[in-house]
Amino acid sequence: MVYLNPDIDKAWLNLNKEYKRFCKTDMRTLFEKDEKRALKYTLALDDLTLDYSKNRFDENVLKALTDLAKVCGVEQKRDEMFSGSKINSTENRAVLHTALRNRSNKPVFVDGRNVMGQINDVLAKMKKFSDDVRYGKFRGYTGKKLTNIVNIGIGGSDLGPVMVCEALKKYWLKDIHCYFISNIDGTAAAETLKDLDPETTLFIVASKTFTTIETLTNAKTCRKWLVDALGEHAVDKHFVALSTNKEKVTEFGINPENMFEFWDFVGGRYSLWSAIGLIIAIAVGFENFEKLLDGAFSMDEHFKTAPLSKNMPVMMALLGVWYNNFYGIHRYCVVPYDEYLKYLPAYLQQLDMESNGKGVDKDGRFVKYSTGPAIFGGAGTNVQHSFFQLLHQGTDVVPVDFIIPAISHNEIGEHHQILLSNVLAQGEALMLGKTVAEAAAELKRAGKSDEEIAFLKKYKAFTGNRPSNTILLKKIDPYALGQIIALYEHKVFVQGVIWNINSFDQMGVELGKQLALNILPEIQGKSFAIEHDSSTMNLIKKIKSLRK
Ligand code: G6Q
């Protein structure tokens, strides 16, 4: 690590020393030595529990990590974020997704102006509209109730709403059905529209900028589909927009009265709490949308007030830094054991990788250390039957977050008990492992010959000492979901502070977009003049010949 601040340098060097002292210690031994380990390293907020005891650390490591958080100014920067400072330095913007769920309604200022008024106005407009759609007051052009709600958006304008809608499916109004069109691939629109009735379909065009090519192209296709069926006059009753850009919304042909506004201080991947959550409010009702905000607010308060060593997002962030920068582990896995949370890993992938996948620090220097890890995941138990082999016996260690509700919305027979026993078993297996001697003894008990035992014992052994967090909640309800999402948002924030990067821009997605604009006319046969590398040239040629 090379920083200009000697205090920070010292904290990193101290962690290096801690790593050298500690790295050979096995978690099994730590648990054997300290009966209270689990109790000591479990945090709770309402019904949410974080057990982080199955990680590679001891008291001294934790102290060194919290010292690092202190000298990096985590607390001060956190307060700056909450108070509306322009911490998104490259875009000169405040970062105020927390104001969207500021249930205390205490003023939050941007450029000397309290933003709570406009936030509350949009929430009120969302409440009215979502109630009107749900209870059939706002109807389609031909007078039918709007029961098919299609969100057209991509990235931050899709992943949050789709994840939350799926997570809260149990709370959907019976006759409301939600659909999401994000990909520019025509299949997304075609497969969605083929089963829908224009008379009962409401399109929500979700785009902060209202310039995103995928969203505008999909919205155009859907608009044409509707106009072909019901005529131009029907648009006002079937299209609403969520955006910061009134001009573009109007230019596209959506009535600005049907626009729900949000603002530059809301980043795309942090926007589900804003007007971008409209489809959530329609699906689950505004009261439940408010409970989602309440849950996030409770985590915000925890993040703001709990001491660093008792602070859930801080602890998760510090352990991530510990693995990433000292163990050299640059991967990370999230496994919710709940079918309703199946889109959470994809959502977190964007939240974390788009926020912290950065290589230049806030002072304009190329960083000389690793930043955000690669994230993957999926719903358990399914993934136990796919990539868990690597988690248990692969040569790369992958820290895992397990997320599990104690009660299922669908308590059928033994299903949930089996699910619960599986998630606990996975955490235990990863941590304890199985020594070669234990594997041999097991094979002996199973009646294997000495020869078989000698051959099989290493294959049957598990190194163990593989870290995991367990996030336990009572049930997947709007409040708990709000808490979990905010927990991860703040974890990502803390890591960004420690790595001294701007977690709130996403310039890495620009280059591909720019080059695609050059290639498009060539694919369309409108231009041939642009020079590419020979691979791209060849592929363009091949594609054109295949499409002839
Ligand atoms: C998220 C990103 C990005 C964005 C999409 C959609 O933080 O900014 O994923 O949400 O590119 O952008 P629009 O909402 O402007 O269409």
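When a ligand or atom number is given, it counts from 1 through the structure's own listing order.
- Separation of the Tyr323 and Tyr327 ring centroids falls under the 6.0 Å cut-off.
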Could you go through Trp225 and Phe203, starting from their C-alpha distance and side-chain angles, then the distance that decides it, and tell me whether this counts as ring pair (Phe, Tyr, Trp, His ring centres under 6.0 Å)? CA-CA 11 Å; Trp225 175 84; Phe203 293 99; 5.8 Å; yes
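- In this structure, Lys170 is not positioned above the aromatic face of Tyr340 in the sense of NZ or CZ being under 6.0 Å from the six-membered ring centre and within 45° of the axis.
- Inclusion of Thr215 in the set of residues having an N or O under 3.5 Å from an N or O of ligand 1 is not warranted.
- Regarding atom 2 (C) of ligand 1, its nearest protein heavy-atom neighbour is Glu354 OE1, 3.1 Å.
- Counting the atoms of ligand 1 from 1 in the order shown, those under 4.0 Å from a heavy atom of Arg269 are 1 (C), 7 (O).
- Every atom of ligand 1 is numbered from 1 in the order shown, and the set under 4.0 Å from a heavy atom of Ser157 is 10 (O), 13 (P), 14 (O).
- Per-residue contacts place Gly268 under 4.0 angstrom from the following atoms of ligand 1 (heavy atoms of the residue considered): 1 (C), 7 (O), 10 (O).
- Protein heavy atom at the shortest distance from atom 4 (C) of ligand 1 is Gly156 N, 3.8 Å.
- In the vicinity of Ser207, heavy-atom distances shorter than 4.0 Å reach the ligand 1 atoms 13 (P), 14 (O), 15 (O), 16 (O).
- Looking at atom 5 (C) of ligand 1, its nearest protein heavy atom turns out to be Ile154 O, 3.5 Å.
- The single protein non-hydrogen atom nearest to atom 8 (O) of ligand 1 is Gln506 CD, 3.4 Å, given as residue, atom name and distance.
- Nearest protein neighbour of atom 15 (O) of ligand 1, counting heavy atoms only, is Thr209 OG1, 2.6 Å.
- Taking a cut-off of under 4.0 Å to the non-hydrogen atoms of Thr212, the atoms of ligand 1 that pass are 12 (O), 13 (P), 15 (O), 16 (O).
- Of the protein's heavy atoms, none falls inside 4.0 Å of atom 11 (O) of ligand 1.
- Inspection of the Asp121 and Gln118 side chains reveals no N or O donor paired with an N or O acceptor under 3.5 Å.
- A donor-acceptor pair shorter than 3.5 Å can be found between the side chains of Thr90 and Asn502.
- A side-chain N or O of Gln483 and one of Asp46 form a donor-acceptor pair less than 3.5 Å apart.
- In summary, the side chains of Ser355 and Tyr270 do present a donor paired with an acceptor at a separation below 3.5 Å, with no hydrogens or angles considered.
- Residue-ligand proximity: Gln350 is placed with a non-hydrogen atom under 4.0 Å from ligand 1.
- Under 3.5 Å, the side chains of Tyr332 and Asp401 contain a donor-acceptor pair of N or O atoms.
- Judged purely by distance below 3.5 Å, without hydrogens or angles, the side chains of Asn500 and Asp363 pair a donor atom with an acceptor atom.
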